[in-house]
Amino acid sequence: MEMLEKKYNHEFVEEGKYEWWKENDFFAASKKDAKPYTIVIPPPNVTGRLHLGHAWDTAIQDVCIRYKRMQGFDALWVPGMDHAGIATQAKVDKKLRDAGIDPRSMSREEWTKQAFSWKEEYALSIHNQWAKLGLSLDYHKERFTLDEGLSKAVRKVFVDLYQEGLIYRGERLINWDPLARTALSNEEVIYKDVEGAFYHIKYPIVGSDEYLEIATTRPETMLGDNAVAVNPLDSRYQKYVGKSVLLPLVGREIPIISDEHADIEKGTGCVKITMNHDPNDYEVGLRHNLKGITVIGFDGKMNENALHYCGLDRFLAREKIVQDLKNEGYLLRVEKIVHSVGHSERTLVPVEPMISKQWFVKMRPLADKVLANQKDASKKVHFLPSRFEKIMNHWMEITYDWCISRQLWWGHRIPAWYKDGETFVGMDSPGEGWVQDEDVLDTWFSSALWPFSTLGWPDITSLYQKYYPTDVLVTGYDIIPFWVNRMTFQALHFTHQRPFKYCYIHGLIRDKEGRKMSKSLGNGVDPMDVIKEYGADALRYYLVTSTSPGTDLRYEEEKVRSTWNFINKIWNASRFVLMNLEDYQESEICLKDIDKWILTKYNKTVKSVLKYMDRYEFQNVGSVLYDFIWEDFCDQYIEVAKFSLDDFTTKNVLLKVLTGILKMLHPFMPFVTEEIYQKLPIHEKTIVLSMYPIYDEKEVYLKEEALLDDIFSFVRLFRTTKSSYNIGKEFAVVFQNEEDYSLPIKMLKLEGHIFDTFSSSASYPVTYKNYSLLLYDSHTKTKEEEEIKEKEILLLKQSISKREALLSNENFCKKAPAKLVLEEQEKLKFEKQKLEELL
RNA sequence: GGGCGUUUAGCUCAGUUGGUUAGAGCAUCUGCCUUACAAGCAGAGGGUCUGCGGUUCGAGUCCGUAAACGCCCACCA
């Protein structure tokens, strides 16, 4: 039999295993008649390297899928990647520009070719990283969002929603990214506090020498002002309603209108209305039949409506206009403020609200379906932890129409064709002369279909029939609005069921100081570097078992190192077992108490692990396994097993328990468990497809468990006593009764120290339940020891009086469970006895 | 302006339906190279569980309230 290397070497252990698993197709979902268990991977963007967040997210999924696979489920984990429209396009454009090529000078076809080769490059790198992480993905089912099948699903959804009146095209005020030059959805706008100012401007009232004072943070938009609004309840300004003001610099007359939007409390109570550059003003304008004027172009520069400011960047124009207002005496004052400004999630430039013709999804009916469905526990998406359901529901309650068209090249082309003012929406081009819409769809439009489009939908494939709906979706809470919500409403609408039964939400990875990992802070950690130093097994176990669901994780390298130590411990324990299994043969076994003890602990561990695994409580799985392996198996059983290594029963139990340990650990640390498993005298072809341990009640021996627990407690107490009194190698023990002390004698190496009687000035009782001895220090009692003893007596007295008080409390005795009262009485008795011995 | 989360040992975090002396890892201290492991073994110290009030025989846990920090949402000119 092969032995394990002397030291745990993660690089050696992890080398080549993934390739072997893949070659043998262990990860492929089989067609066998087993119950399915499905996960679709959140497809990473083909824009760069995977970060620690991906490692965390995918490790959780791999734990789930490996667990179920070992339990005999037909486990399918669908891999795939996302084309990531705007993000990838930005990267490809940058790459081209860096090479001195203007991406806009290329034809769409040429550019797309470039983008696909970029995708191939990053797909390759992502595959390598998945391999390093050990993810048991079924590559036969791999998908890419721009695949023909998925594109068909996208078109189908678009066409159907259009025909149902749930997709429409129209001119609306949308969020515009002037750098990427595309429309954005509300979710793609992130609000950041920036330093700005309130510019207080004089708007002279026509036909009088009075003026209204207007405060704005965006003076450059005044060129497009349509009105000034005051609140209908604001008595200060009622007399002006119906009159006009003369727009400074522009010289255009605009009406003073009455609208609730004007806040009496805020500023001067007068607000300028710029329909085409502010979402609120847009609404006000519609109410008052105003006609908007666009003064900023899609390039973020002032346009031809902006007088001589035309061509100036919007921020330069702001400075210029403020200067001009000041010069002409219109600027009353400038008040510095910090206010929140919407920025593009991708390009980080301030978004510009713009009037534009775009495609929208009418959300209300779709969102209502989700809200209704979430009321049915048997049909709803169950969030883990459950509080995140509120996030989704709230989004569904307040949602507004989703702008889905993007002025990009990278993505699914909108299946709409135009000819002579007519619009055709369908799966394919209606033919000659029709021109397809230039725009593509929001990336999230296709991602929203991921759980079913990857399984072949809209075709009712066998894959779709067997594996849909999926069992669990694993993602971070930051992705709920973008993705989870949209998958949920699209799934309900098109597949008439939830896309996944459970939605496991994890947090974000932070650095040691609790800051978000980001490129700009330079505090990001490359999981590949961690794997190189500590191995994927250590990284995975650390990531998955370190937090409870939904909470953020502070990455600490020391913890990965301490996980490495844990694996090293397992390695060495396995080495010990294997060393003693060289002559292993199956034979009659005769369980001793200690064997029954470890089998009981083992089965109880299996039971807990099963419970926690089924509840996705991996932190609990981690701690249960850690404690069992380190404390019960290594510290106790192996130590005691050393006394009976020639016993085949011991060998048998060692093998059985070790095998179970490896299997339970396997989902978390696949590489090292496979390595050791292969060396066991009895094993299947791979641990990947081995059967997960089951709880066996017949192997639970409560009597023996209690017996050994007592002995171990007694042994521990002896060590504590000996150590706290600084008793060295010269000591004597006198047993106080006829109990079986054979195990303590061996464990504590008492041979040669046992006497029938002993006389010494220093004697200390070591008593645990039925086990009792007197420990004698062969040296004379020192003052220090005397003090320790005094302290112990004091603590004992305190404890006794506390218990006496509790037991004399009538209410406690009456209301507390009888078992608890009995325990208290026992303890009191025991402490009193011990006190007597000490005195 | 709404909503949520966090607050437990020096640090990072667990703590099930309320019930022994509140746990772990790392760090610290003491003693050990005991042939699986010194990346280890055997011990030890360290917490008025953020404050206040309530329910209860009993509260880290349930209820109310305050504070600090963080996050999400919302049209803040």
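Values below: all heavy atoms of this structure, side chains included; hydrogens, waters and symmetry mates excluded. Every chain is numbered from 1, with letters handed out A, B, ... down the list of sequences.
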Which part of the nucleic acid, if any, lies within reach of A/Asp263 when heavy atoms closer than 4.0 Å are counted: base, sugar-phosphate only, or nothing?
base

Does a nitrogen or oxygen in the side chain of A/Tyr477 sit under 4.0 Å from OP1 or OP2 of B/C4?
no

Shortest side-chain distance from A/Lys802, nucleotide among B/A36, B/U21, B/A39
B/U21

May I ask you to decide whether A/Glu675 forms a salt bridge with A/Lys679, counting only side-chain N to carboxylate O separations under 4.0 Å?
yes

For atom P, what is the distance between B/G10 and B/A66, given to the nearest Å?
29 Å

Would you measure the distance from the C1' atom in B/U65 across to the matching atom in B/G19 and give it in whole Å?
27 Å

Between A/Asn580 and A/Leu645 (side chain of the first, backbone of the second, donor and acceptor by atom type, cut-off under 3.5 Å), is there such a pair?
no

Can you figure out which of B/A77, B/C26, B/C37 approaches the side chain of A/Asn572 most closely?
B/C37

Rounded to the Å, how far apart are A/Leu553 CG and B/C13 C1'?
10 Å

Check whether any side-chain nitrogen or oxygen of A/Lys569 sits under 4.0 Å from OP1 or OP2 of B/C41, and answer yes or no.
yes

So what does A/Glu558 touch, heavy atoms closer than 4.0 Å: a base, only the sugar-phosphate, or nothing?
nothing

Shortest side-chain distance from A/Arg554, nucleotide among B/C13, B/A36, B/C4
B/C13

Using atom P in both nucleotides, what's the gap between B/U6 and B/A24 to the nearest angstrom?
23 Å

Using the C1' atom as the point on both nucleotides, what is the distance between B/U28 and B/G47, in whole Å?
16 Å

Does the plane of the ring in A/Tyr541 sit parallel, tilted or perpendicular to the ring in A/Phe566? Use 30° and 60° as the thresholds.
tilted

Tell me what A/Arg716 touches on the nucleic acid: a base, only sugar-phosphate, or nothing, going by heavy atoms under 4.0 Å.
sugar-phosphate

Using a cut-off of strictly less than 4.0 Å, decide whether A/Ser548 has a side-chain nitrogen or oxygen near OP1 or OP2 of B/C13.
no

Hey, does A/Tyr626 reach any base, or is it just sugar-phosphate, or nothing, if we go heavy atoms under 4.0 Å?
sugar-phosphate

Any N or O donor-acceptor pair linking the side chain of A/Glu639 to the base of B/A36 at under 3.5 Å?
yes

Take atom CG of A/Leu806 and atom C1' of B/G19, then tell me their distance rounded to the nearest Å.
10 Å

Please indicate yes or no: is the ring centre of A/Trp564 less than 5.5 Å from the centre of the six-membered base ring of B/A39, with the two planes inclined by under 30 degrees?
yes

Can you tell me if A/Asn565 touches the phosphate of B/G40, counting only side-chain N or O atoms and a distance under 4.0 Å to OP1 or OP2?
yes

Without decimals, in angstroms, what is the distance between A/Asn393 CG and B/C73 P?
16 Å

Find which nucleotide of RNA chain B each of A/Lys729 and A/Glu187 is nearest to by heavy atoms, and output the residue with the more 5' nucleotide.
A/Lys729

Name the nucleic acid region contacted by A/Ala262, choosing base, sugar-phosphate or nothing; use a 4.0 angstrom heavy-atom cut-off, strictly under.
base

Sticking with atom C1', work out how far B/A42 lies from B/C33, rounded to a whole angstrom.
14 Å

State, to 0.1 Å, how close A/Val341 and A/Pro350 come at their nearest heavy-atom pair, and which atoms those are.
CG1-CB, 4.3 Å

Whole angstrom is fine here: how far is it from NZ in A/Lys722 over to P in B/A44?
14 Å

From B/G19, B/A36, B/C4, pick the nucleotide closest to the side chain of A/Leu820?
B/G19

How far, in whole Å, is B/U21 from B/A44 if one measures between their C1' atoms?
16 Å

Reckon A/Arg218 has a side-chain N or O less than 4.0 Å from the OP1 or OP2 of B/A77?
no

Comparing A/Val715 and A/Ile391 on RNA chain B - which has the more 5′ nearest nucleotide:
A/Val715

Can you tell which of A/Lys202, A/Arg333, A/Lys272 makes a salt bridge (Lys or Arg N to Asp or Glu O under 4.0 Å) with A/Glu213?
A/Arg333

Between B/G70 atom P and A/Asp193 atom CG, what is the distance in whole Å?
13 Å

Tell me what A/Ser623 touches on the nucleic acid: a base, only sugar-phosphate, or nothing, going by heavy atoms under 4.0 Å.
nothing

So what does A/Gln619 touch, heavy atoms closer than 4.0 Å: a base, only the sugar-phosphate, or nothing?
sugar-phosphate

Nucleotide nearest A/Trp630 (side chain, heavy atoms from C-beta), chosen from B/A36, B/A77, B/C41
B/C41

Give A/Cys813 one of three labels, base, sugar-phosphate or nothing, depending on what nucleic acid heavy atoms sit under 4.0 Å from its own.
nothing

What's the gap between B/G25 and B/C71 when it is taken at their C1' atoms, as a whole Å value?
27 Å

Compare side-chain N and O positions of A/Tyr612 against OP1 and OP2 of B/A14 and report whether any pair is under 4.0 Å apart.
no

Using a heavy-atom cut-off of 4.0 Å across all strands, would you classify A/Lys814 as base, sugar-phosphate, or nothing?
nothing

What is the distance, rounded to the nearest whole Å, between atom NE2 of A/His339 and atom P of B/C75?
16 Å

Which one is paired to B/A22, where only Watson-Crick or G-U wobble pairs with both distances under 3.5 angstrom count?
none

Just checking A/Pro481: base, sugar-phosphate only, or nothing, at a heavy-atom cut-off of under 4.0 Å?
nothing

Whole-Å P distance, B/G58 and B/C13:
34 Å

Taking the side chain from A/Asn572 and the backbone from A/Asn568, do they hold a donor-acceptor pair closer than 3.5 Å?
yes

Listed nucleotide nearest any side-chain atom of A/Arg387, set B/C11, B/G43, B/C4
B/C4

Take the protein atom CZ of A/Arg510 and the nucleotide atom P of B/C13, then report the distance between them rounded to whole Å.
10 Å

Does the side chain of A/Cys270 come within less than 4.5 Å of A/Ile214's, by heavy atoms?
yes

Find out whether the Lys NZ or Arg CZ of A/Lys642 is both under 6.0 angstrom from the six-membered ring centre of A/Phe576 and within 45° of the ring's axis.
yes

Select one nucleotide: of B/C75, B/A39, B/A42, the one nearest the side-chain heavy atoms of A/Asn280.
B/C75

Between CG of A/Asn523 and OH of A/Tyr555, what distance do you get to the nearest 0.5 Å?
12.5 Å

Is there a Watson-Crick or G-U wobble partner for B/A14 with both distances under 3.5 Å, and which nucleotide is it?
none

Pairing check on B/U65: which nucleotide meets the Watson-Crick or G-U wobble criteria with it, both distances under 3.5 Å?
B/G51

Just to be sure I understand the rule, does A/Glu617 reach a base, reach only the sugar-phosphate, or reach nothing, if contact means heavy atoms closer than 4.0 Å?
nothing

Considering just the side-chain nitrogens and oxygens of A/Lys642, establish if one lies under 4.0 Å of OP1 or OP2 belonging to B/A36.
yes

May I ask you to decide if A/Glu352's main-chain N or O and A/Trp176's side chain share a donor-acceptor pair within less than 3.5 Å?
no

Would you mind pulling out the nucleotide paired to B/G70, Watson-Crick or G-U wobble, both distances under 3.5 Å?
B/C4

Considering just the side-chain nitrogens and oxygens of A/Arg719, establish if one lies under 4.0 Å of OP1 or OP2 belonging to B/A42.
no

Let me know the distance between CD1 of A/Ile398 and P of B/C75, rounded to the nearest Å.
7 Å

If pairing means Watson-Crick or G-U wobble with both distances under 3.5 Å, then the partner of B/G40 is B/C32

